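Below is one structure; the comments refer to it alone.
Start at 1 and go down the list; that is how both ligands and their atoms are numbered. What you see below is based on every heavy atom in this structure, not just the backbone, and it leaves out hydrogens, waters and symmetry mates. From a predicted model like this one, the values you see are computed outputs, not experimental measurements.
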Amino acid sequence: MKLVVIGSGQCGSRVADEFARLNRRARAQRGIEIITGVFAVNTDAADLSGLATISSDYQHRILIGGRKTSGHGVGKINELGAEVTREDGDKVIDAIRTARHFFETDAFLIVASAAGGTGSGSIPVLTQMVKDRYMDKPVYALVILPFEHEEQNEERTVYNTATCLKSISTVADAVFLIDNQRYIRKDFSIKNNIAKINSLIVEPFYNLLCAGEEKKAKHIGAKMLDAGDIIQTLVGWTTMGYGKSPLSLFKFPFERTSDFRKKSTETHKGIMAMDAAVSELSIRCKPVDSGRALYLISAPSKEMNMDLTKELGDYLKDIAPEAIIRNGDYPRGGGSLDITVILSELSDVEKIKTYYNKAAEFIHDRKNRQVEIDSKQREFEEASKNIPTLL
Ligand SMILES: Nc1nc2c(ncn2[C@@H]2O[C@H](COP(=O)(O)OP(=O)(O)OP(=O)(O)O)[C@@H](O)[C@H]2O)c(=O)[nH]1
Ligand SMILES: [Mg+2]
């Protein structure tokens, strides 16, 4: 599957830059292309120049809102992020056409954080514009949710997140939810290592996008997972996970095991990797709430068989009984058996409801505060009524 990736705001641009690296890796390691164009959009000129891999010309690093923000960002006001995107979004639409192999694109992926100003405000507007312009291609959003400490210290964080999520859910064909907090759960030392988090965010896309682009027979599985399977799976709120199980590289000749034992070890390794993928989903959710799911097994062909595929299918059916499940196998790699899982069409995500509820409280409190401020101001004016002015 081939994507055009557009990142907006600082977070979105950095993650898009990571996708540009992913495509370089696919080209170097596997001789295939998985991305037809990568673009970064921002109201902040300095952030755009800080990127590493996206082409550095103005058609790939696109400054918007220059007149209103003088290139210094929108300072967390996502309404302003939305407004300047409505005014300048055409720059992005025009730039997309310059992608060299644009006609091969299967779908768009637009990336931003929900908590900031530029990305949060622009992602729904950009998604709408791309959809209006390219009606025949699905447009997916990848939304990064804030760390817990940001939610606690700053009310705007929750408000921006809620308004961004509500808006994007009405326009995007599917929304990948990425909870920053989940990526520091196991390894707190990476809290200050945003680059590491970004590489973990994009990693599950590697095999997923590569599998359907292979041309050589030896890398095409018994059931190839292509763009059609992915597009059929992605609807509404979506999460993904990635798990690995190491394979022993060296087998001694006297270590011959019976076919039965070999098969059961492979199945066991598959289940371990699937378990890891499901526990590491990009947002906490209940698999039982998903209406569509997908799993991809990537491993050397000798490590895969029908039993393994069936066992993994049964596993997923157990935890997501309502879901239509699609699957594929991808004969690639060496040292590990990797599983990519997508759960989509989620009918409930607790964390999103919490954002909506907290933001509604915030709006209510803000109204009350405004009433108080207005009445204080009136008192002030009243007190100064009989005082002459020098102007
Ligand atoms: N995973 C990840 N999160 C990031 C990154 N950069 C910022 N964030 C998160 O994104 C949110 C802040 O949004 P930014 O993307 O910096 O904001 P922006 O879209 O540039 O908007 P303004 O700067 O307000 O104009 C916070 O929740 C950060 O924790 C990044 O590179 N990776
Ligand atoms: Mg910024």
Query raised in the report: Hey, does the Lys NZ or Arg CZ of Arg366 hover above the aromatic six-ring of Tyr159, less than 6.0 Å from the centre and inside 45° of the axis?
Result: yes
Report task. Answer yes or no on whether Lys137 is positioned over the face of Phe102, meaning its NZ or CZ is under 6.0 Å from the six-membered ring centre and within 45° of the axis. Result -> yes
Query raised in the report: Is the shortest distance from atom 23 (O) of ligand 1 to a protein heavy atom below 4.0 Å?
Result: no
Among [options], which residue places a heavy atom closest to [atom]?
{"atom": "atom 9 (C) of ligand 1", "options": "Asp47, Ile144, Asn180", "answer": "Asn180"}
{"atom": "atom 29 (O) of ligand 1", "options": "Glu150, Lys76, Glu151, Gln10", "answer": "Glu150"}
{"atom": "atom 25 (O) of ligand 1", "options": "Thr118, Ile123, Thr161", "answer": "Thr118"}

Report summary line: Result for side chain to side chain contact (heavy atoms under 4.5 Å, CB included) between Ser8 and one of Leu126, Thr85, Ile123, Ile110 points to Leu126
I'd like to check which ligand 1 atoms, numbered from 1 as shown, lie under 4.0 Å from a non-hydrogen atom of [X].
{"X": "Phe147", "result": "29 (O)"}
{"X": "Gly119", "result": "19 (O)"}
{"X": "Asn198", "result": "1 (N), 2 (C), 30 (C), 31 (O), 32 (N)"}

Which bit of [X] is near ligand 1, meaning a heavy atom under 4.0 Å away: side chain, backbone, both or neither?
{"X": "Ser113", "value": "side chain"}
{"X": "Ala115", "value": "side chain"}
{"X": "Ile201", "value": "side chain"}
{"X": "Ile194", "value": "side chain"}

Query raised in the report: Going by atom types alone, do Glu33 and Asn23 pair a side-chain donor with an acceptor below 3.5 Å?
Result: yes
Query - Thr43 and Lys68 side chains, donor-acceptor separation under 3.5 Å - result: no
Query raised in the report: Under 3.5 Å, is there a donor-acceptor pair between the side chain of Asp329 and the main chain of Ile297?
Result: no
Report task. Could you tell me whether Phe205 and Phe176 have their ring centroids closer than 6.0 angstrom? Result -> yes
Requested in this report: Determine, using ring centers only, whether Tyr140 and Phe108 are less than 6.0 Å apart.
Outcome: no
Give me the nearest non-hydrogen protein atom to [atom] as residue plus atom name, then the distance to 0.1 Å.
{"atom": "atom 7 (C) of ligand 1", "value": "Cys11 CB, 3.6 Å"}
{"atom": "atom 17 (O) of ligand 1", "value": "Gly116 CA, 3.5 Å"}
{"atom": "atom 6 (N) of ligand 1", "value": "Arg14 NH1, 3.3 Å"}

Query raised in the report: Mind checking whether Pro146 has an N or O less than 3.5 Å away from an N or O of ligand 1?
Result: no
Query raised in the report: Looking at ligand 1, does Asn78 have a heavy atom less than 4.0 Å from it?
Result: no
**Report entry** Candidate pair Asp365 and Arg369, rule salt bridge (charged side-chain N to carboxylate O under 4.0 Å, His left out), full reasoning
**Finding:** CA-CA 6 Å; Asp365 291 352; Arg369 248 180 328 206; over 6 Å; no
Query raised in the report: What's the verdict on side chain to side chain contact (heavy atoms under 4.5 Å, CB included) for Ile34 and Lys2, showing C-alpha distance, side-chain angles and the deciding distance?
Result: CA-CA 5 Å; Ile34 50 178; Lys2 288 191 167 89; 5.5 Å; no
